[in-house]
Q: 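The structure follows.
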Amino acid sequence: NGVERDRLLGQSSATIKLAEWISFKTGIGIDYYTNFNTARSAFGDIESPKGYYGESKRTFREVNADFLFQIHKDFSEKLGFNFNLGGNRMDQYVQTFSASANELAVEGVYTLSNSRTSVLPVSFFSQKRTNSLFFNGQFDWKNALFFDFTGRNDWSSTLPSNNNSF
C-alpha cells in the first residue's frame with residue numbers, strides 16, 4: 001500500500017493604512033494537492049482470497065481571496081468606535097478517479113490489467129464557490145460599557161440560485 005502526494009500551499013497579503021484610523025487589508029491563499037494511492041492484498045487474504053489491487057488519484061484545489069476594511073476611531077476620551085467590513089471568495093475543486101481489481105489473475109502481480117474480473121472504475125467531481133460578506137463593530141463608553149453588533153451573509157453555488165443566500 002502506498003501514498004504519493006504533491007502539495008502546494010501559498011498565501012500572500014497586503015495592508016494599506018489609508019489614514020491614522022482606517023486600514024485596508026487584502027489577501028489570497030491556495031491549497032492544491034494531488035494524491036495517488038495504491039492498495040493491495042495478497043492471494044489467500046481473508047477478505048480477498050484471490051488478491052486485490054486498487055488505485056486512486058485525487059486532485060484538490062481551494063483558493064481563498066479576501067478583503068477587510070478596519071476602522072478604529074476614538075471620538076473623545078470617553079467614546080470609542082471599532083468597525084470591520086470584509087468579504088471572502090472561496091473556490092473549491094475536487095476530482096477523484098479510482099479503479100480496483102477485486103480478483104487477480106496472476107498471483108503477486110499488482111496491476112489493474114491483472115484483473116480476473118472486470119475492473120471497477122469510480123469517478124467523482126465537485127466544484128463549488130462561496131461568496132461571503134461580513135461586518136462587526138463596537139461602541140465603547142469609558143472603556144467600561146460596550147455595544148457590539150455583527151452580521152454576515154454567504155452565497156453558495158451548491159444551493160439553488162433563487163435560494164443560495166444564508
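Numbers here simply count residues along the sequence, with the first being 1.
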Q: Is a salt bridge present between Asp31 and Arg7, judged by a nitrogen-to-oxygen distance below 4.0 Å?
A: yes
Q: For residues Phe43 and Glu107, report the shortest heavy-atom separation together with the two atoms involved.
A: CE1-CA, 3.3 Å
Q: Can you tell which of Gln70, Lys73, His72 makes a side-chain hydrogen bond (donor to acceptor under 3.5 Å, both in side chains) with Asn82?
A: His72
Q: I want to check a possible cation-pi pair here: Arg61 against Tyr93, using under 6.0 Å from ring centre and within 45° of the ring axis as the test.
A: yes
Q: How many angstroms lie between OG in Ser126 and CZ in Phe60, if you round to the nearest 0.5 Å?
A: 9.5 Å
Q: With clusters defined by side-chain heavy atoms of hydrophobic residues (ILVMFWY) lying less than 4.5 Å apart, directly or transitively, does Phe124 cluster with Phe36?
A: no
Q: With a 4.5 Å limit on heavy-atom distance, are the side chains of Thr38 and Tyr53 in contact?
A: yes
Q: Taking the side chain as every heavy atom from C-beta outward, state whether Ser100 and Val119 have any atom pair closer than 4.5 Å.
A: no
Q: Do Ile28 and Gln11 come close enough that some side-chain heavy atom pair is under 4.5 Å?
A: no
Q: Taking distance alone, no hydrogens or angles, what donor-acceptor pairs closer than 3.5 Å link side-chain atoms of residues 137-150 to residues at least two apart or in another chain?
A:
| from | atom 1 | to | atom 2 | distance (Å) |
| --- | --- | --- | --- | --- |
| Gln138 | NE2 | Asp148 | OD1 | 2.8 |
| Asp140 | OD1 | Asn143 | N | 3.4 |
| Thr150 | OG1 | Phe135 | O | 3.2 |

Q: Tell me if a side-chain donor or acceptor on Asn1 pairs with a main-chain N or O of Arg40 at a distance below 3.5 Å.
A: yes
Q: Linking I/L/V/M/F/W/Y whenever their side-chain heavy atoms sit closer than 4.5 Å, directly or via other members, would Phe83 and Phe69 fall into one cluster?
A: yes
Q: Check the side chains of Asn153 and Ser165 for a donor-acceptor pair under 3.5 angstrom, ignoring hydrogens and angles.
A: yes
Q: Do Asn35 and Arg58 meet the criterion of a side-chain donor-acceptor pair at a distance under 3.5 Å?
A: no
Q: Within the 4.5 Å heavy-atom criterion, are Arg129 and Met90 side-chain neighbours or not?
A: no
Q: How long is the straight-line distance from OG of Ser41 back to CG of Asn102, given to the nearest 0.5 Å?
A: 10.0 Å
Q: Hey, are the side chains of Ser56 and Phe97 touching, using non-hydrogen atoms and a 4.5 Å cut-off?
A: no
Q: Is there a continuous path of hydrophobic side-chain contacts, each under 4.5 Å between heavy atoms, that joins Phe24 to Phe81?
A: yes
Q: Once you round to the nearest 0.5 Å, how far does OH of Tyr33 lie from CG of Leu9?
A: 10.5 Å
Q: Roughly how far apart are Gln95 CD and Lys57 NZ, rounded to 0.5 Å?
A: 8.5 Å
Q: Mind checking whether Leu79 and Trp21 sit in one hydrophobic cluster, side chains of I, L, V, M, F, W, Y counted as touching below 4.5 Å?
A: yes
Q: Taking all heavy atoms of Gln127 and all of Ser157, pick out the closest pair and write down the distance.
A: O-OG, 4.4 Å
Q: Can you see which heavy atom on Ser23 is nearest to which on Thr15, and at what distance?
A: CB-CG2, 4.4 Å
Q: Would you give the length of the straight line joining atom OG1 of Thr158 to atom NZ of Lys128, rounded to the nearest 0.5 angstrom?
A: 6.0 Å
Q: Closer than 3.5 angstrom, by distance alone: can the side chain of Ser76 be matched with the main-chain N or O of Lys78 as a donor-acceptor pair?
A: yes
Q: Nearest 0.5 angstrom please: Ser115 OG to Leu104 CG, how far?
A: 7.0 Å
Q: For the pair Asn114 (side chain) and Val109 (backbone), establish whether a donor and an acceptor sit closer than 3.5 Å, ignoring hydrogens and angles.
A: yes
Q: Locate the shortest heavy-atom distance separating Thr130 from Ser156; write the atom from each residue and the value.
A: OG1-OG, 4.2 Å
Q: Would you check, one step at a time, whether the test side chain to side chain contact (heavy atoms under 4.5 Å, CB included) holds for Leu85 with Leu68?
A: CA-CA 6 Å; Leu85 172 66; Leu68 181 65; 6.0 Å; no
Q: What are the two closest non-hydrogen atoms of Thr26 and Asp66, and how far apart are they?
A: OG1-O, 3.0 Å
Q: Less than 4.5 Å apart, side chain to side chain, heavy atoms only: is that true for Asn37 and Glu55?
A: no
Q: Among residues at least two apart in sequence or on other chains, which ones pass side chain to side chain contact (heavy atoms under 4.5 Å, CB included) with Ile22?
A: Leu18, Ala19, Ile71
Q: Less than 4.5 Å apart, side chain to side chain, heavy atoms only: is that true for Tyr32 and Val63?
A: no
